[in-house]
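The sequence lines fix the lettering, A, B, ..., with proteins before strands; numbering per chain opens at 1.
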There are 2 protein chains.
Amino acid sequence: MYVSSQFTDQGQNGRPGTSPATLGWSPAGLSRSTPPAPRRDEALALAALDGAATTLCVEKDRTIFVEGDRAEFCYRILGGTVRMVKQMADGRRHVTGFLLAGELVGLDAMDRHDLTAETVMSTTLTRYKRAAVEALADRDPIVARRLRLLAAGELRAAHERMVLLGRRTASERLAHFLLEMEARAPRGGCGRVVLPMGRADIADHLGLTPETVCRLLTCLRHEGTIGTGRAVDGAEVTILDPRALAALASDPRH
Amino acid sequence: MYVSSQFTDQGQNGRPGTSPATLGWSPAGLSRSTPPAPRRDEALALAALDGAATTLCVEKDRTIFVEGDRAEFCYRILGGTVRMVKQMADGRRHVTGFLLAGELVGLDAMDRHDLTAETVMSTTLTRYKRAAVEALADRDPIVARRLRLLAAGELRAAHERMVLLGRRTASERLAHFLLEMEARAPRGGCGRVVLPMGRADIADHLGLTPETVCRLLTCLRHEGTIGTGRAVDGAEVTILDPRALAALASDPRH
DNA sequence: CGAACTATTGAACTAGGTCAAACCCAGTGG
DNA sequence: CCACTGGGTTTGACCTAGTTCAATAGTTCG
C-alpha cells in the first residue's frame, strides 16, 4: 500500500550493480565490544525465503516505513544506508541508528513498526514477508534462536546507547560514533570512514545539535586527530590518530 | 557460584509472605503506549519450569548478577524492586530500568549478561535455569514467539528511552518517569506512586544529577502538581494534577 | 549564474551541573 | 528517653558545556 508506491520495484532479478561486501546477517548497531555475531547459518536459513523475496531500489531521503505502520515486511540492505528514526510531535527527532549494507531492517517489530525507516542515500534492499520469517522461525528452532540472538544483540547496543546519551560528553559521543562507523565499515576500512549521512542526522543520533557536531569535528581536525575530505557518497573522515580518538571515546569497562 | 553466596536460599517451598498483584509475564520497562503485553499463556508455559525453580530472598542493595557474568539463570520478581545498571570505568552509571514485582530479569542475555542487576530494596525472586528456558523455547514455537515478543517489547522501550535521554528536557524526563511508575504500579495506583529507589538511582535512570531531580520535585510540589510523603518502602509521590504532569511529559506522537 | 541546501564559524545565553552547606530522619548507644 | 552519628535529601550560589541565533561559506542542481 503506502510503501510500495515509493519504490522502484525491480522484481527478484533486478540485482543492483553494487555488490556489498557481505550479505550475511549481522545484527544492526552492534558495537565492537559485542562478541562476533553469527553469520553463515542464518544466511542459509533465510535463503529458504529468497524465492518470495523482492529487490527494491529506493532513492535518497525516502521513507521505507513509518512508525505505527503495520509491519508486513522486513528488509535486508544490499547497498546503501538507512536511518531509523523516532519522531516527536513537536519536531524533535532521534535517530536510533544507521543500518549499512548487509544489515536487516524492521525485523524487530511486534505487530507494528515502532521506528520509521528512511534512506540516507540511494539504497537497494531485499524485501521479505515478515509472516514468512515468523513461519520459518516456528518451523525451525535454530532460526528462532538466531532471531532471539539478534534481538538480544540490538538490545545490548541499545543499552550502550543509553549510557552514551545519558552520561557521555559531546566529544566522547562523537569519538565513539566515528570509531563505531569505522569498525562497521566493509573490511579494509583502515582509518577511512565514509559518512553518507548529514551533520543533522549525526546530531540527532548523538543527542546533540548539528553545530556542536561541526565544532567538534573542526576541533578534532585542528588537533590532528582526524582529517576530512569528500568521498563519492558523502563526507569522508580519515582517522589519523586512532589512539587519541579511542582515548576520547573511553569505553565503559572493557 | 558468585551469585548463590549472597542469597538466602529458601528452597522451592520458601514462599514469601508478600503476594504480588500479578505473577504473569509482563515485559520490563514497557511504556504505557505499548499494546498490552501477553500474559496468561506464558505464565502457563513457564509453569512447566516451576519444578526446577528456586525461590530466593535478597536484601537491599545487593548484586544479583554482574555485567559480563555468564548468564546461567534468569529470574522472576515475586516482590521487591531491582535496578538494571550499566557502569562505566570512571564511575559514571546508567540505570537502564527498574523491574517490579511480576517482571522478568536477565532473560534478554546472550551468552553473558550485559547489565548488572541490583536490588533496590529487599526482594524475593524465583530463579530459572536459562538453559531450561531455551530448551523449552526450542521445543515449543509458542514460547519462542513469546520470547521474541518480549524482546521486541524491551527494544521498543529502549527506543523510547533514547528519545528521552537524547532529546527531552529534565522536567519532561521526570514527568515521564512519574507517569510511567504510576502506570506500572499494581492496580489501583490512583495517583499514588511509591518510589523505592533513591534520588541518585532516579537521576542515573534519567541522565540527570540527584540535585536536579530534587529541585524539579520541589518545583512540582510548589506548583501543586504533586505531593510528597513517605510510604512503608520508600518515598511516595501523589499526583495531584495528572493533566499538568502529562502536559510536561508531552509524549512523542500519539 | 542563481536558488536552495548544508556546513562552518562566531557571539551570547541558559539548562543543568558542580560544590558546599544545611536538613532530616532512622538507628544506636548511653 | 535523648543525644549522637551517618546516610540520604534539600537548598543555595556559581559555573560551564552545549544550545540558540545569526551570519558566512561551500556545494549541488537547474
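- The shortest heavy-atom contact between B/Arg167 and A/Ala203 is NH2-O, 3.4 Å.
- Comparing the start and finish of the helix from C/dC1-D/dG30 to C/dG30-D/dC1, five pairs each, the helix axis swings through 30°, to the nearest 10 degrees.
- Across the protein-nucleic acid pair, A/Ile202 atom CD1 and C/dT8 atom P stand 9 Å apart, rounded to whole Å.
- For the pair A/Ala200 and A/Arg93, the tightest heavy-atom approach, listed with the atom from each and the gap, is O-NH2, 4.0 Å.
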Would you give a per-nucleotide map of nucleotides 9-19 of chain C, 5' to 3', where B means the base has a protein non-hydrogen atom under 4.0 Å away, S means only the sugar-phosphate does, and - means neither? BBB----SSBB

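- Between A/Val213 and A/Leu174, the shortest heavy-atom distance links the atoms O-CD2, 4.2 Å.
- As a whole-Å value, the separation of A/Glu172 CD from D/dA17 P is 13 Å.
- Rounded to whole Å, the distance from NZ on A/Lys60 to P on C/dA4 is 18 Å.
- The closest side-chain heavy-atom distance from A/Thr116 to A/Asp69 is not below 4.5 Å.
- The heavy-atom pair separating B/Gly207 from B/Arg173 by the smallest distance is O-NH1, 3.4 Å.
- Here C/dC25 presents its C1' atom at 17 Å from CG of B/Asp233, a figure rounded to the nearest Å.
- Atom CE in A/Met121 sits roughly 14 Å away from atom P in D/dT28 (whole-Å rounding).
- A side-chain donor from one of A/Arg161 and A/His205 sits under 3.5 Å from a side-chain acceptor of the other.
- In this structure, CD of B/Glu236 is placed 17 Å from C1' of D/dT9, rounded to the nearest angstrom.
- Residues B/Ile202 and B/Met181 are not in side-chain contact: their nearest non-hydrogen atoms beyond the backbone lie 4.5 Å or more apart.
- Proximity of B/Ile64 to B/Phe73: side-chain heavy atoms (C-beta onward) are nowhere separated by under 4.5 Å.
- Remark: P of D/dT28 and CG of A/Asp61 are 15 Å apart, rounded to the nearest angstrom.
- One interatomic measurement links the two molecules: CG of A/Leu217 to C1' of C/dT6, which rounds to 14 Å at whole-angstrom precision.
- No donor-acceptor pair closer than 3.5 Å links the side chain of A/Thr119 to the backbone N or O of A/Val82.
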